[in-house]
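Structure, as structure tokens:
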2 protein chains.
Amino acid sequence: MSEDPLVVFQPSGKRGRFSVGTPILDCARKLGVDIDSVCGGRGICGRCQVNVGDGEFDKFGIISRPENLTPFSAPEEKYQERRGLLIGRRLSCHAQLDGDIVIDVPPESQVHKQVVRKRAEVRDIKMDPAIRLHYVEVEEPDMHKPDGDLERLRRALAEQWDIRDLEEIDIRSLQKLQKALREGDWKVTVAVHRGQRITAIWPGFHDRAYGLAFDIGTTTVAVHLCDLASGDVLASDGIMNPQIRFGEDLMSRVSYIMMNPGSEVEITKTIRDGINNLIRRVRTEAGVEKDEILNATFVGNPVMHHLLLGIDPVELGGAPFALATNTGMTLWATELEITETSPDARVYILPCIAGHVGADTAGVVLSEAPHISDEMTLIVDVGTNAEIILGNRERLLAASSPTGPAFEGAQISCGQRAAPGAIERVRIDPQTLDPRFKVIGCDLWSDDPAFADTIAATGVTGICGSGIIEVLAEMYLCGLLTTDGIINGALSDKTHRIQQDNRTYRYLLHVGEVEIAIYQNDVRAIQLAKAALYAGARLLMDKMEIENVEKIVLAGAFGSHIDTKYAMILGMIPDCDLTKVYAAGNAAGTGARIALLNQQARDDIQKIVRQIEKIETAVEPKFQDHFIDAMAIPHKTASSPNLEKVVTLPEPAEPIPADDDQGRSGRRRRRQRR
Amino acid sequence: MSEDPLVVFQPSGKRGRFSVGTPILDCARKLGVDIDSVCGGRGICGRCQVNVGDGEFDKFGIISRPENLTPFSAPEEKYQERRGLLIGRRLSCHAQLDGDIVIDVPPESQVHKQVVRKRAEVRDIKMDPAIRLHYVEVEEPDMHKPDGDLERLRRALAEQWDIRDLEEIDIRSLQKLQKALREGDWKVTVAVHRGQRITAIWPGFHDRAYGLAFDIGTTTVAVHLCDLASGDVLASDGIMNPQIRFGEDLMSRVSYIMMNPGSEVEITKTIRDGINNLIRRVRTEAGVEKDEILNATFVGNPVMHHLLLGIDPVELGGAPFALATNTGMTLWATELEITETSPDARVYILPCIAGHVGADTAGVVLSEAPHISDEMTLIVDVGTNAEIILGNRERLLAASSPTGPAFEGAQISCGQRAAPGAIERVRIDPQTLDPRFKVIGCDLWSDDPAFADTIAATGVTGICGSGIIEVLAEMYLCGLLTTDGIINGALSDKTHRIQQDNRTYRYLLHVGEVEIAIYQNDVRAIQLAKAALYAGARLLMDKMEIENVEKIVLAGAFGSHIDTKYAMILGMIPDCDLTKVYAAGNAAGTGARIALLNQQARDDIQKIVRQIEKIETAVEPKFQDHFIDAMAIPHKTASSPNLEKVVTLPEPAEPIPADDDQGRSGRRRRRQRR
């Protein structure tokens, strides 16, 4: 008695015996092997391609040969001609079993394929988009069975795609339905949102569906245009947030609205116009039609979130900082006046976490996934405020800390945004106390003989956030700066670079077209910022009742540019094994992309947001204590065993009396959030 | 040991013992007694008013006294001053139990009150609107509990109103949320659609919510503006369907679109403009604000249904008459470009049943409820086509029959629409063969001496549908018309009113400014129409395998005007006990009103529509046979035992040879639907 042939799928290892003539796609379906298909097994879409094993597979005890499948079918020939098919590839919907076989499902043929991320320490994105395309063959109408075209389409979706929860259809698609069915000879492709609602329809076969992941920052708006089948990013672009004309930072925009009631309408229109412009740009770049953009996701801080939705953000401008909502929302593109996508594109806006912790932080959580981590993870997203998340799979805490814009180069005498000409790296010779530095846009250190020529075009124009961190840390390591943050005037004897400036001192970094120096006030500004950041983290550690964190993630552009060692020397972040400190880049934007490509992530983040314990730094008395202790460099009371493994910290010198006024104002002043 | 006081609610008879001090509303809630409240027991809305029994109630063995309730409370005093309270009335939320009491809940204080209909044979409408208002007190925000305002509102709705399935909120309401909460001092009223979604919000207490029930007819558009709490109709109005400029009847509008592709957009806009005009009129009449109109329902035949939705109706113009959808739909007012309601008003469109049997017929089914009737009921809705429903709680059949517009006075030599000046009633003296008649707008018969003076203003201008039915039936009863529908020229000897007209005869009805006569072609037109109607009904009776129906409902304006006896003499409808033949008026419009006031009816009708068996007369060979048999007056083969109880039908005379051309064209011609 001969047995049915055995088919083994790789890499899953799932296997089973099926009768001769069974299409490979059917075998896969029955075994629960994940193979994609838009056309539903009609040899049109080519999404179900597989590789055929050739040779002996001892592990399975079978010999797999290409001829153990039925010969190339007509639809495969046609697909081969039309779109090309790699050697050894078959369309699994048309290749039928004719003997034992090992089938290798390449990653791109899986529905739930993984979108690989560049960073080794984070998990890949599993494809499971909210919008999926389905090609269906619909029964023709019959006077004896007077069901509507929609009802027959609905039945076809249930029978051919097992979509049984379909609720309704967007009116615009209903308006197109009858013509599409007839034009496509009763074959159409529909886009279905979350298995529930038809949001687009095309006659015949259509396999282009795209989505947008937006990060609406206070300063910049960034977008990725993604293929909703492959997860590939086809175009990325960014613009300055056009709301800037109503105020540089959040607080000034909120103030503008307070002073000009009703102006939120105009400010909302401004961002929506900007979004439309940006979509037009990426759409043009990638050659994508409006009607093929079917989904979009948005992250942003609470004020950006509210303004995008057309909600007056004034409540976020003062205690108790009440959000209008902290639930994720799904809207129509038209409801947000988005005109550069399909009008029926669905927009998902990630939930805000608290009045100061926005949907951008929700995006960071999705990206960095502390909620599934065993390690006690501290995530800081440094912008004008710092959003801080602490926790692991057991428990998550969140807070926002008012760092102010010093880390971005604002409020610093020679500070500037990170741009060509800005000093970004600094080293100070502990003997001569002379600095050398690197400038954005130039690979050479400033002590390189070729430096002056190379830099001539831009010049050295200022110092950006990462440069400030490094120069202060280096000054501290060389004794130019005391642990109290005083520029050590006693060293003016030893180096001309320490110069008196009124009643304090400055450190001269560079003399060129402009003179770049670090002033006592700059040190104070950074001290205030880093103390706020540290105190926020420390407060969460208190709440968590821990003394150490196992992993630190620095999110945001700032986190990508600073050297984490210097951040720790300065005492911005708690002590941690430096090999476990990562820069995550625009993690908020990555979170928006995850929510775009994986619908489950939307439900997940909503649940996580509910579970996160929100700590309001403004009403925590201990925050003030931590803040004052953290003014010291690196910190007044905390130890840094991990840091001391990699650098030698100076012994605390005899305290130098601070200028009274400065010291008091610096320490006591509780700044407003920006 | 003293027992807790007994409270008995009337008319339900529900009773229970509760401790002294329990508010009557709480007793009612616990006993499942239906008492309304918008304010949630805060003494504001006055919806929970009850009457207090005074005297001995032997049946319950108690003495009920007003003083067995706590004295008039401050909120009751305030309500009394503000809105007035009838003697003996209390607010059940503030009157507390202090002894045995009988409480009478007046109908207007019940949530699920019955809206009484004028017609005795139909059930009342049970109030259960899709939109309900809820007044809630929302917790203030707290920095320690950073839930959004929406989430606290949601919690309040769950706690205070047991609304636990709330999904989302319309973006426009979310935009208003924070200001409304603060303006209302954390008290707001929200409109909730089907317990699931907030669609409107007002600061503080608000108790005005209205809805619209639309009947979009081919010729006229009618609307009722209803109070969604009481069910009262506050204003009703109608306009000519402005689409008439694209064609008088459905078929000519569809043809217009076929000849002018894309013109459906304009035709859709035309009806939507008309709807907006009509809303403006009823709104102004009733003094209702746009934003208080929160719901609307629509019925209409398939072509009107599709054009309202912006769907090209060309598929309905030819076999197989495919509907775009036969599912009921809920949309936003904005999606239908309705601008005279709240933009977030929800529009519910009843489902169509088949390509020729529309949402108007679904409305008729809701109104006449054959699906819950034991009696085998025939419902005919006569317009340009006749929609026919046959069945009872066991089984329902539906068909459409192409009667053409003859019943509406079109295609009749002296025919006109029912309007002042039109003959609507006719009696013929069997001896003299002279007629007397009544004219719309005049209460006198034409043989009244005062008739000529009374009618002078309008004159006698023509004959309308009901007049034609009566004159033909009377002519038949007097032998002026044979059972084959031939005007009996032999009687020209006996009366000057029978006059030769080419090769046929005419009957002179009236000589005035215009001469009004019945021509042989008029008889043919009515024969064709009535044969189509009868054949449709008969076909359904075949399918149902019955010989008799137990009840006949004539829906539509035409059904209200004709004398059912004459309709039966002429053989328009099958034989039936005349006391069981009812005119239902605009039953389709009533169905729209039921769907507006009772959300369950929407789910019901969707189920019923799926269960109704649709019979397509065009493809049923037996329809032709029935049609030919039904050309005779009253009918060639069917007997009329019920009719013969009330009138004496003439013996069939010797057949008079019909004019060949006429007879053939009349019998063989299968008309297009209009």
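Lettering follows sequence order; numbering is per chain, from 1. Bear in mind the structure is a predicted one, so any value in this text is a computation, not a measurement.
Interface residues of residues 164-175 of chain B toward chain A, defined by a heavy-atom distance below 4.5 Å and sorted by number: B/Glu168, B/Ile169, B/Ile171, B/Leu174, B/Gln175. The contact list for residues 341-351 of chain A toward chain B, using heavy atoms and a distance under 4.5 Å, is empty.
Using a 4.5 Å cut-off between heavy atoms, B/Leu309 touches chain A through backbone and side chain atoms alike. Only the side chain of B/Lys179 comes within less than 4.5 Å of a heavy atom of chain A; its backbone N, CA, C and O stay farther away. Contacts between A/Leu331 and chain B at a heavy-atom distance below 4.5 Å involve the side chain alone, from C-beta outward. Neither the backbone nor the side chain of A/Leu153 comes within contact range of chain B; no heavy atoms are under 4.5 Å apart.
Side-chain contact check for A/Lys145 versus B/Lys614: every heavy-atom pair is 4.5 Å or farther apart. Side-chain contact between B/Thr325 and A/Asp149 is absent, with no heavy-atom pair separated by less than 4.5 Å. The shortest distance between side-chain heavy atoms of A/Arg610 and B/Glu151 falls below 4.5 Å.
Of all heavy-atom pairs spanning A/Gln178 and B/Ala324, the tightest one is NE2-N, 3.1 Å.
Residues forming a side chain to side chain contact (heavy atoms under 4.5 Å, CB included) with B/Glu613 (at least two apart in sequence, or on another chain): B/Arg395, B/Leu397. Taking B/Val265 as the reference, nothing meets the side chain to side chain contact (heavy atoms under 4.5 Å, CB included) condition, with sequence neighbours excluded.
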